[in-house]
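In what follows, a single structure is set out as C-alpha cells and then discussed.
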2 protein chains.
Amino acid sequence: VAILVGDLAGVYADRMLDGTPPDARRVWDELKIELNIGQYLDVLGTARGGTDLATARRIARYKSGKYTIERPLHLGAALAGRLDELREPLTAYGDPLGEAFQLRDDVLGVFGDPDRTGKPAGDDLREGKRTVLVATAMEGATPAQAALLRRHLGDPALDTEGVEALREVISSTGALARSESLIAALTEEAVQALAHAPITAKAREVLVELAYAATTRTG
Amino acid sequence: VAILVGDLAGVYADRMLDGTPPDARRVWDELKIELNIGQYLDVLGTARGGTDLATARRIARYKSGKYTIERPLHLGAALAGRLDELREPLTAYGDPLGEAFQLRDDVLGVFGDPDRTGKPAGDDLREGKRTVLVATAMEGATPAQAALLRRHLGDPALDTEGVEALREVISSTGALARSESLIAALTEEAVQALAHAPITAKAREVLVELAYAATTRTG
C-alpha cells in the first residue's frame, strides 16, 4: 500500500505540470529518470555491502544532488521559457551545490543535533548508509578502524557508545575535515559560476543566499 | 529493483506523450490514478481474505476494465483532437466491454487451455485471486462448496485434482454459465452503443470486431 501511495503521489505531481511548456515536462521526466538510477545504484551498493568513494559520489549526485538543486532550477527556467539560455549556467551552479548539499546531509546524519535535524543521532550509521562521508572514512582508515566501521555500520541495535566510536573514527581519519573543506570548495565553485550567468543582480543575490543556506544549515 | 524498473518504465511511458495535446495527458493521468485505486482495492480485498460480488466487480472495473478499453479509446480520441465529442460514446462502448474483457480473463484463468493462455492451468486459483467469477461462485455455493472454495483458494500447492474440484464447484454453482451470459450481454451492450456514436462506418466496423475479439478469445 505504501508503494501504491507513492505511485499515486507521483501521478498527482505529474498533474501539477498540466498546462506547462513541453520543456518543463522534459526536465521533469529527466529528473525522475536520474532519481530512479541513483536509487538503483544505492540499492545495488547496499546489497553488495560496500561502496568506494567514486561510487558513493556518483550515487549522491544522481540520487540527491541533481533533483535537489540543478533540476528544480532547470524546471523553473523552463517554466519561464528560458531553459535554452539558462541550462548551462544553472548546471554550473547547481551541480556542485547539489553535491555540497548532500555532503552536508551526510555530516548532519552522523554529527547533527537530533533536536535540529529531527532525526535520532546516528540514524544514518544504524541504517548503514554508504555515504560519501563513510566512504572517505573507509579510505583513510587503519585496518583496526576499517574493521570497526565494517562491524558497526548497519547495526540496527547500535547504541550511544557505538555511535560515539564511529564518530571518533570518522573524525580521526580526517573524513569529517575533508568533507567540510569539500563542502566549502563546492559551494565556492557554485557561487563563482553565477558571475557568468545571464541573470539579474537580484536573482544572483537570491542564489548566493540559497548556496550558503543549503550548505551551512544545522538541520 | 523490480519496483524501480517499473517506475522507470512508467517514466518512459510518460515520455511517449511528449508533444501530445494536454487532453491526452489528462486522460493518461486519469488512467494511472484509476489503475492505482483498483490495485489498492485488490490488495485490500486480498488482505481481508474475501470479496463480495459488488466489490469484485468494482475492482475489476478500476483495475482492468477502464485501462484496457475505455481509457485507451479516450487517449486516441484526445490525440485526434476529438475527445469532447467522443468521450461519452466511447465510455458507453468501452465501459461494458472492459468488464466483459476482464470476465473473459477470469474464465480463461480457471478453465483456459495453458497452451493458448500461456499460463499454467488454475494459476488464478493458486494465487487466490478474488475474481468476479469466484465471487459469483461463492454467492451461489452450498455450505460444503463454500468451505471447499475457502480451503483451496490461494493454496500455492494446489494440485491438478484440487484445481479440478474447484472447477467443478464453479461450474455447478452456475457461476461459469452466469459469467458467460454476462460477457455476452455486456458485449452486446457495447456493440449497441456504437449505433449512436458520431464515427465513420469503418471505425464502427473495427470497434465491433474488437468487441468480439476481446470477449471470445481463447488465449
Side-chain angles (χ1 to χ4, degrees), chain A residues 1-49 51 55 58-64 66-67 71-72 74-75 78-79 81 83-84 130, chain B residues 1-49 51 55 58-64 66-67 71-72 74-75 78-79 81 83-84 130:
Chain A
V1 169
I3 290 168
L4 290 172
V5 172
D7 288 344
L8 194 61
V11 183
Y12 280 103
D14 290 340
R15 277 187 18 165
M16 292 183 74
L17 292 176
D18 193 8
T20 60
D23 262 357
R25 288 275 185 186
R26 281 177 208 129
V27 170
W28 174 240
D29 288 341
E30 210 52 37
L31 178 158
K32 289 192 286 182
I33 290 168
E34 288 161 354
L35 180 56
N36 189 290
I37 289 168
Q39 186 63 35
Y40 168 74
L41 292 173
D42 198 17
V43 167
L44 193 67
T46 304
R48 286 183 175 161
T51 303
T55 308
R58 194 152 55 107
I59 293 171
R61 183 150 180 254
Y62 280 106
K63 201 187 147 187
S64 328
K66 288 175 91 67
Y67 100 89
R71 291 304 185 186
H74 285 172
L75 194 56
L79 291 172
L83 183 60
D84 282 349
R130 301 295 166 163
Chain B
V1 168
I3 290 166
L4 291 172
V5 171
D7 288 344
L8 193 62
V11 183
Y12 280 103
D14 290 341
R15 277 187 19 166
M16 292 183 74
L17 291 175
D18 193 10
T20 61
D23 262 358
R25 288 273 185 188
R26 282 179 207 128
V27 170
W28 174 240
D29 288 342
E30 210 52 38
L31 178 159
K32 289 192 287 182
I33 290 169
E34 289 162 353
L35 180 56
N36 190 291
I37 289 168
Q39 186 63 35
Y40 168 74
L41 292 173
D42 197 18
V43 168
L44 193 68
T46 304
R48 286 185 174 159
T51 303
T55 308
R58 194 151 54 106
I59 293 172
R61 185 153 179 252
Y62 280 107
K63 201 187 147 189
S64 329
K66 288 174 92 67
Y67 99 91
R71 291 304 185 187
H74 285 172
L75 194 56
L79 291 172
L83 183 60
D84 283 347
R130 300 295 165 164

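Letters A, B, ... are given to chains in the order of the sequence lines, protein chains preceding strands, and every chain is numbered from 1.
Here the straight-line distance linking atom CG of B:L35 with atom CG of A:L8 works out to 11.0 Å at 0.5 Å rounding. The distance from atom OH of A:Y40 to atom CG of B:D7, rounded to the nearest 0.5 Å, is 14.5 Å.
Without hydrogens or angle criteria, B:N36 side chain to A:L4 main chain gives a donor-acceptor distance under 3.5 Å.
Taking the side chain as every heavy atom from C-beta outward, B:I3 and A:I3 approach each other to under 4.5 Å.
In terms of heavy-atom pairs under 4.5 Å with chain A, the best-connected choice from B:D14, B:I37, B:V43 is B:D14.
For A:L44, the CG atom sits in a packed shell: over 12 heavy atoms of surrounding residues, nucleotides or ligands are nearer than 6.0 Å.
A salt bridge between A:R25 and B:D18 is absent, with no side-chain N of the basic residue lying under 4.0 Å from a carboxylate O of the acidic one.
Neither the backbone nor the side chain of B:E34 comes within less than 4.5 Å of any heavy atom in chain A.
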